[in-house]
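Taking it in order: structure first as structure tokens, then the write-up.
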Amino acid sequence: MSSAGRRPFIAGNWKMHKTVGEAVALVRELAGMVSGVGETVEVAVAPPFTAIQPVAQALAGTRIGVAGQNCHWEASGAFTGEVSAPMLKEAGCRYVILGHSERRQFFGETDESVNRRLKAALANGLVPIVCVGETLAEREAGRTLEVVSRQVRGGLAGFDAAQVGGMVIAYEPVWAIGTGRTATSAQAQEVHAAVRALLAELAGGDTAARVRIQYGGSVKPDNAAELLGQPDVDGALVGGASLKASDFAAILRAAR
Ligand code: PEP
């Protein structure tokens, strides 16, 4: 628990990795390793869509939740290649990642489409993990806080305080994702504090104090404790290191 009472939340984003068989084997290994950690730290994994239901079944009775990696704003329809929030919910998801930088970069996601997906997630009882973060060029141009603020304002437009209070934000500098290059703890804290101040402006101080803000970008067992030790860093969204049970479990221990 942080000094502000926020329970740390660590989520593993598996991206387009793991067949059904590999996914089930990984969560079985993980469940055995994290049984003692789950009480103090909230934990989730985000497998590819094909593995969501078998992973959810394998994790039944554990404290590890399941997340989708994206959802569409409509419940059903002619949207080839998409998956809807009620489908994720029925398959066993408690959470959904929205607006990941790979979705923005390769699949045309915008703040506006993230906003629409977010509405569907909340309407279907999924906890959204809303990703924001600047590119290297934007950081070097001194535009980090401007870009992140625009993404938060655009993504969260039109939601009331109760709805914002049910969200998780993930600050993921694009230049740190999958690169092995991590933001320093001071860089992360600066942006997290700015995001929390913006949430206070949008939804009030009490809500802002409740919202968990995860850091993501090359989080590993050897840098997790330093990043998670920052006052406004309430957890991590972990890519590469979540594909190895021992590394993910070590990050959970650092969060505890
Ligand atoms: C991610 O995909 O959200 C991520 C942070 O990836 P990695 O940990 O591999 O940088």
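The analysis underlying the following values was restricted to heavy atoms, covering all of them including side chains, and did not include hydrogens, waters or symmetry mates. Predicted, not measured: the structure shown is a model, and the values here were computed from it. Both ligands and their constituent atoms are indexed starting at 1 by order of listing.
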Close side-chain approach of [X] to [Y], heavy-atom, < 4.5 Å:
{"X": "L88", "Y": "F49", "answer": "yes"}
{"X": "W73", "Y": "N115", "answer": "no"}
{"X": "R181", "Y": "L136", "answer": "yes"}

Atom [atom1] of residue position [X] - does it have more than 12 heavy atoms of other residues, nucleotides or ligands inside 6.0 Å?
{"X": "R150", "atom1": "CZ", "answer": "yes"}
{"X": "Q57", "atom1": "CD", "answer": "yes"}
{"X": "K89", "atom1": "NZ", "answer": "yes"}

(message) Assess, by modelled atom type and distance only, whether the side chains of Q105 and S101 contain a donor and an acceptor separated by less than 3.5 Å.
(response) no
(request) Tell me yes or no: between the side chains of D232 and Q189, is some donor less than 3.5 Å from an acceptor? (result)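 A pair is found: one side chain offers a donor N or O, the other an acceptor, under 3.5 Å apart.
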Please report which non-hydrogen protein atom sits nearest to [atom], along with the residue it belongs to and the distance in Å to one decimal place.
{"atom": "atom 1 (C) of ligand 1", "value": "H100 NE2, 3.2 Å"}
{"atom": "atom 4 (C) of ligand 1", "value": "G239 N, 3.6 Å"}
{"atom": "atom 9 (O) of ligand 1", "value": "G240 N, 2.8 Å"}
{"atom": "atom 5 (C) of ligand 1", "value": "E172 OE2, 3.1 Å"}

Please report whether ligand 1 has a polar contact with [X], defined as an N or O pair separated by less than 3.5 Å (distance criterion only).
{"X": "T179", "result": "no"}
{"X": "N13", "result": "yes"}
{"X": "K220", "result": "no"}

Which ligand 1 atoms are under 4.0 Å away from a heavy-atom of [X]?
{"X": "S218", "result": "7 (P), 8 (O), 10 (O)"}
{"X": "G178", "result": "7 (P), 9 (O), 10 (O)"}
{"X": "G217", "result": "5 (C), 10 (O)"}
{"X": "A176", "result": "10 (O)"}

